[in-house]
Amino acid sequence: MSEEEKPKFLRGSALSLFKTDRHEDWIALVLSILIALGVYFLVD
C-alpha cells in the first residue's frame, strides 16, 4: 500500500464524555477492576 492508500484512523470519539483519551482509559480501568472484584466476591 502506498502512503496515500493507507486508512487513516482518528483517535477518540465524538461521543466521548471525557476531555482526554488518557482520562477515559483510567476510568475504564477503574470500572473494570471494580466489576471484576464485584463478580469475584458475589459469585464466590
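In this structure, CG in Leu37 is found 10.0 Å from CG in Leu42, a value given to the nearest 0.5 Å.
No path of Ile, Leu, Val, Met, Phe, Trp and Tyr side chains, each step under 4.5 Å between heavy atoms, connects Tyr40 with Val30, placing them in separate hydrophobic clusters.
Of the candidates Ile33, Asp25, Ile27, Leu29 forms a side chain to side chain contact (heavy atoms under 4.5 Å, CB included) with just one, namely Ile33.
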